[in-house]
Amino acid sequence: MSETAHLSIEQRTALITRNLEEVIGADEIPALLAQNLPLRHYIGLEISGRLHLGTGLMCMQKVRDLQQAGVRCTIFLADWHTWINDKLGGDRQKIKKVAVGYFKEGLKASLAALGGDPEALDFVLGSELYHHNDTYWETLIEVGKNTTLNRILRSVSIMGRGEGESIDFAKLIYPPMQVADVFILRANIAQGGMDQRKAHVIARDVANMLTISPLRDAEGKVIKPIAVHHHLLLGLDKPPQWPVDADKLRELRTAMKMSKSKPKSAVFIHDTPDEIRAKMRKAFCPPPADGIEFNPVLDWAEHLIYRNGQTLFVARTPENGGNLTFTRYEDLAAAYSEGSLHPMDLKNAMSEALIALLEPIRQHFDDHAEIKAMWTELEAML
RNA sequence: CCCGGGAUAGCCAAGUGGCCUAAGGCAGCUGACUGUAACUCAGCCAUUCGGUGGUUCGAAUCCAUCUCCCGGGACCA
């Protein structure tokens, strides 16, 4: 951990907690760092198809931050969860192949593009973690014995399923499995989007009740996993409800997020410049009079461009006011709000910024025929 | 294994012997309008009704059979 030797506990805590929607257990972080406890992170991902910016950039941004803070990071390739949730046709062989191929390589390229270290990243495949692992299955049962059926039923939203939705029984095993994953992977820090909080809260609630594989600090005291939740990028299409009803914001957030099942709402990590421009051009981008809170283009500017330390350059003709550079998101938002920045100019600027940000990823796919072949093979499955 | 209910475009769904070369809605695509998108408007979008046989002058509609799905029940040494 020599590279973090020069960082103070405060600096490392700041890296761990910055740019997040929510941190549960933030108070516990400095104490863990002070103990010099090796911190281990994990984020579980379903192998659900093409990698979009929510996974490739939003997840990996935090991974990069954590690496810089000296945390050991793990990507959990959740092939069993994918199977349970009927993704990729529920074909286990396909899922496993995509997991250790396209998905792993795509995530590594994404992390590298964001300044993280892909070689220091651990990948764990679900089916391998579970194989001949009594402790895992015992822990799963312990999780189940310490939560209720009602709570599990409410938590199916972590699978992108509605609470009233008719589901098969296997799907009820998914949430407690996800909780068990945290403990078996010995993750002090569990990461996910805001849509994953129900599983993480269960993990914290049962943490003190586990006897087989609880998390412990350096002194052997049982501790709870810290939960860090990143922002869910808005989809580029119009929200299902518009104008947005502020009272129903909680539920709507998930429905508004970028989704692979709505290709127009998402940009993928290897989209070409022209595809990115076309998608941005089609993006829902309400005028300032409608407020800036539910504007996906501004949302992406804030979370993808500015939070990666970039600035936004707006190329405009002299008639439209000439070129502009915004170095802070606040300035961009203010200019948009007062109407001095036209939606189309914002879109054009965002297109070019995204193209530049994603360029190394696209290049990586282009430079490695075997990785590009993995992607091609995936496309054939969709 | 038994009883009951289903199977119509990407999704929801009308139609129960001829007017069905299958209504409508959503999604999608194209164009008009906006210096963006959205909104609105115009146009496009199943020669075919889970498969196969049959009845009939004529079937998505009736019969038989097969496949699959849903609900319930039976079995449970």
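In what follows, chains are A, B, ... by sequence order, proteins preceding strands, each numbered from 1. For clarity, every value in this text was computed on a predicted model and none was experimentally measured.
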#### Entry: R281(A) CZ to U36(B) P, straight-line distance once rounded to whole Å
12 Å

### Message
Measure NZ/K282(A) against P/U30(B) and give the value in whole Å, please.
### Response
5 Å

### Summary
Applying the 3.5 Å cut-off to both distances, the Watson-Crick or G-U partner of A77(B) turns out to be none

### Task
Identify whether the distance between the nearest side-chain nitrogen and carboxylate oxygen of K372(A) and D367(A) falls below 4.0 Å.
no

### Message
What is the distance, to the nearest angstrom, from the CE atom on M344(A) to the P atom on C33(B)?
### Response
14 Å

#### Entry: Whole-angstrom distance between A38(B) and U52(B), as gauged at atom C1'
49 Å

### Summary
Between NE2 of H342(A) and P of U36(B) the distance, given in whole Å, is 5 Å

#### Entry: Base-pairing assignment for U40(B) (Watson-Crick or G-U wobble, both under 3.5 Å)
A32(B)

### Message
Rounded to whole Å, how long is the line connecting atom CG of D237(A) with atom P of C29(B)?
### Response
11 Å

### Between G72(B) and C62(B) - C1' atom distance, rounded Å
28 Å

### Query
Paired with U65(B) by Watson-Crick or G-U wobble geometry, both distances under 3.5 Å: which nucleotide is it?
G51(B)

### Message
If I pick the C1' atom on U61(B) and the same atom on A14(B), what distance separates them, to the nearest angstrom?
### Response
13 Å

### Message
Tell me which nucleotide, if any, is Watson-Crick or G-U wobble paired with A60(B) when both distances must be under 3.5 Å.
### Response
none

### Query
Where the side chain of D345(A) is defined as all heavy atoms beyond and including C-beta, which of U36(B), U30(B), G35(B) is the nearest nucleotide?
G35(B)

### Message
Does C39(B) have OP1 or OP2 under 4.0 Å away from a side-chain N or O of K238(A)?
### Response
yes

### Query
Taking atom P of A38(B) as reference, at what distance in whole Å does atom CG of L236(A) sit?
12 Å

### Task
Run the ring-centre check on W80(A) versus Y174(A) and record whether the distance is less than 6.0 Å.
no

#### Entry: Atom pair distance, as rounded to whole Å: CG in N348(A) and C1' in G35(B)
10 Å

## Note on the structure
Pairing partner of G71(B), by Watson-Crick or G-U wobble and under 3.5 Å for both distances, is C3(B)

### Message
Suppose you measure atom P in A59(B) against the same atom in G53(B); what distance do you get, rounded to whole Å?
### Response
14 Å

### Message
Give me the distance, rounded to whole Å, that separates C29(B) from G71(B) when you measure between the C1' atoms they each carry.
### Response
39 Å

### Task
Find the distance between CG (L341(A)) and CE (M344(A)) and round it off to the nearest 0.5 Å.
13.0 Å

### Query
How far, in whole Å, is A46(B) from G10(B) if one measures between their P atoms?
11 Å

### Query
Is any side-chain heavy atom of V124(A) less than 4.5 Å from a side-chain heavy atom of D181(A)?
no

### Query
If the C1' atom of A7(B) is compared with that of G50(B), how far apart are they to the nearest Å?
6 Å

### Query
When rounded to the nearest Å, what value does the distance between C1' atoms of G6(B) and A77(B) take?
37 Å

### Query
Less than 6.0 Å separating the ring centroids of Y102(A) and H270(A)?
yes

### Summary
Considering only heavy side-chain atoms of N320(A), the closest of G35(B), U30(B), U36(B) is G35(B)

### Message
Return the pairing partner of G10(B) with a 3.5 Å limit on both distances, Watson-Crick or G-U wobble; otherwise return none.
### Response
C26(B)

#### Entry: Rounded distance [0.5 Å steps], CG in N348(A) versus CZ in R316(A)
11.5 Å

### Query
Atom CG of L341(A) to atom C1' of G35(B): distance rounded to whole Å?
12 Å

